[in-house]
Amino acid sequence: RTEANSPLTQFRHVNRRAVGSTHYTTLGTEVCCEELLLARDRSGTIDPELCDLTWEPGDNAFWDSADPIYVATELRIAAGAHVIAKNMIFRFGEDAVLTVDPGASFQCTNCVLTNACPNKRWAGIEVHGTTSQHQFGTGYPTYQGRLDLLASVVENAFIGVLASARFDLLNSTGGVVNCAAATVMEDTDGDGELEAIWKRTIFRNCREGIKFYPYQNFNVNSGSLLQNLSRFTDVHFTVEFQDEMDYDFLHHANLWKVDGIHFTWCIFDNTFQDAAFGTVGSAGMGHGIYSLDANYRVQSNCEVPWPAGGLPCPEAMTRRCTFTGLDHGIHALQATTLRNFTVDRAQFTNNICGVYVDGVVGYKVVNSNFSVGGRNVALTNPEEDPAWSGRHRGIFSTQSYGMVVEDNEVDLDPASEQGRLAEGIVIGFSGDHNDVIFRNTVRNMERGYVGEGVCMDQSNRATVGLQFWCNTNA
């Protein structure tokens, strides 16, 4: 077969300086990655008229290929096309993109979407939408693209999933993104027998894992405001050492002016060792969730049915969201809206700061655990240095009020270096509001609870201001 896109075609490098039988040696060497990518390129548009919209290795729209699908520029799922892919590998060229148009959907189970060439990031997945429209429809959103990633891997992208279009960011929002774990069949021990296993969806070594631009969902009939339908359940967001990709990590999740996104039983971590930040310090460690004017919820899951009567899940059965090894686990800012966030039953381990809040009204951090101080990295983030004097913090809040900070536990990490300076809960500049920090426990800190700046009504100091009630300092 000589067709460039035929799965039976093999590509080899022929050295022009080779003569005679020496060609046999050079024919055994594959062409360089970029040339191979172009030769095997399956870029194109998947239309709804295409008969084959259910893809598996050996049975798909790409010559029924069982090999990885290479995309040099763009693979576009057009409006009206609803693709279901299983067990597929997609390899994308530098800046290449997978696009899901409004009115289209792409569901991928146990797939890998990655870069084609070493040290060359691909753009990522774009889920296009219609900013002025709602997220509902019959079976699929009428005006928005929809992406479902189940037990799949997205790695080495600039932005793993962008819920918009790169070249029309503010007018193409509203795409629905659902990422979750799933049960898949795999040969885990190489004996040829398939068995059912539970696998997370993973975002690995993306500069930004997911990114949402301003969008507000609404009721079709009444026009009343509704939550975004995007959800992330049992998803692992991670950066880890690899030889083939330069380190430039920013955030696992970047949320701007979105309303109601849920993160349930998710992992956010940076597994690079402290030595990797010897030059850049904490400013290079990135964030788990970075938000501006966003409403979202970070919550646990329960391994058994939730108890009746509003009782909490038994601790042994609770599956918490975790944030580990980051500069800030959550970095929440507010500028022009009153949107806020909730963190309930999460675990924060060895972040420079677990939860960082600036200007957010009415946020909630409850029932969560913080282990602080285990990262031996210089504080270089301008938001920390020099104001924090080298101290790590469990919760830091400034210019915020109406918060609920209750029933949290903050402890110094046992492995932290000797003499580590750390503070438990720091509330600053809450102004003339009656806020109560209630029933928290802080252990082994230099300072357990700190109120700083103006945290009172200066004309009524005796009755209006920040208060700490029923907290424990051990």
Side-chain angles (χ1 to χ4, degrees), residues 5 37-38 40-48 50 52-57 60-63 65 67-117 120-129 140-141 144-169 172-180 201-213 230 232 235 237 245:
N5 285 335
L37 172 63
L38 290 174
R40 292 179 171 174
D41 183 24
R42 311 294 173 86
S43 297
T45 299
I46 305 300
D47 294 312
L50 187 68
D52 197 352
L53 294 178
T54 302
W55 302 346
E56 293 190 64
N60 51 63
F62 310 99
W63 292 80
S65 175
D67 296 324
I69 305 304
Y70 286 82
V71 179
T73 55
E74 180 184 43
L75 179 61
R76 178 179 290 271
I77 313 300
H82 303 291
V83 174
I84 298 175
K86 295 181 180 180
N87 308 316
M88 300 279 289
I89 299 175
F90 298 87
R91 294 189 176 276
F92 294 84
E94 186 175 12
D95 292 327
V97 63
L98 169 62
T99 301
V100 183
D101 280 344
S105 68
F106 186 69
Q107 178 181 302
C108 222
T109 302
N110 203 28
C111 296
V112 176
L113 301 99
T114 187
N115 56 320
C117 299
K120 301 287 187 180
R121 289 198 182 279
W122 62 295
I125 305 170
E126 293 183 11
V127 186
H128 293 185
Y140 306 93
Q144 319 293 352
R146 180 181 175 96
L147 173 71
D148 291 273
L149 293 176
L150 307 174
S152 294
V153 176
V154 179
E155 63 183 6
N156 298 333
F158 279 107
I159 304 173
V161 176
L162 171 64
S164 186
R166 277 189 296 173
F167 302 111
D168 193 15
L169 288 169
S172 301
T173 61
V176 178
V177 181
N178 176 51
C179 299
T201 286
I202 299 174
F203 288 84
R204 179 186 295 120
N205 290 338
C206 297
R207 193 166 189 259
E208 295 182 283
I210 58 173
K211 192 166 189 175
F212 286 80
Y213 278 83
S230 297
F232 300 86
V235 177
F237 298 87
M245 191 64 61

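From a predicted model like this one, the values you see are computed outputs, not experimental measurements.
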ask   = From Ile77 CD1 over to Leu50 CG, what is the distance, rounded to the nearest 0.5 angstrom?
value = 9.5 Å
key: Ile69 side, atom CD1; Asn60 side, atom CG - distance, nearest 0.5 Å   = 5.0 Å
query = What are the two closest non-hydrogen atoms of Ala72 and Ser43, and how far apart are they?
reply = N-OG, 3.1 Å
Could you pull out every donor-acceptor pair under 3.5 Å between side chains of residues 85-95 and any protein atom, sequence neighbours left out?
residue: Asn87; atom: OD1; partner: Asn110; partner atom: ND2; Å: 2.9
residue: Arg91; atom: NH1; partner: Asn115; partner atom: O; Å: 3.4

key: Ile159 side, atom CD1; Phe203 side, atom CZ - distance, nearest 0.5 Å   = 12.0 Å
ask   = What heavy-atom pair brings Gly124 and Ala157 nearest, and what distance separates the two atoms?
value = CA-CB, 3.8 Å
Heavy-atom pair with the smallest gap, counting every atom of Cys206 and Asn156 = SG-N, 3.9 Å
note = Arg121 meets the salt bridge (Lys or Arg N to Asp or Glu O under 4.0 Å) criterion, sequence neighbours left out, with Asp248
note = Applying side-chain hydrogen bond (donor to acceptor under 3.5 Å, both in side chains) to Thr173 and not counting sequence neighbours gives Thr131
request  = Can you see which heavy atom on Arg166 is nearest to which on Leu169, and at what distance?
outcome  = O-CG, 3.6 Å
Could you list the donor-acceptor pairs under 3.5 angstrom formed by side chains in residues 98-108, with sequence neighbours left out?
residue: Thr99; atom: OG1; partner: Glu74; partner atom: OE2; Å: 2.7
residue: Asp101; atom: OD1; partner: Arg76; partner atom: NH1; Å: 2.4
residue: Asp101; atom: OD2; partner: Arg76; partner atom: NH1; Å: 3.3
residue: Ser105; atom: OG; partner: His82; partner atom: ND1; Å: 2.8

query = Closest approach of Trp122 and Thr114, non-hydrogen atoms and distance?
reply = NE1-C, 3.5 Å
query = With distance as the sole criterion, is a donor-acceptor pair present between the side chains of Thr201 and Ser152 under 3.5 Å?
reply = no
request  = Can you sort out the partners of Arg146 under salt bridge (Lys or Arg N to Asp or Glu O under 4.0 Å), two or more places apart, ordered by chain and number?
outcome  = Asp148
task = Just jot down the side-chain hydrogen bond (donor to acceptor under 3.5 Å, both in side chains) partners of Ser230, sequence neighbours excluded, or say none.
result = Asn228
task = Decide yes or no for Leu147 and Val176: does some side-chain heavy atom of the first lie under 4.5 Å from some side-chain heavy atom of the second?
result = no
Nearest heavy-atom neighbours spanning Phe212 and Ile210 = CE1-CD1, 4.0 Å
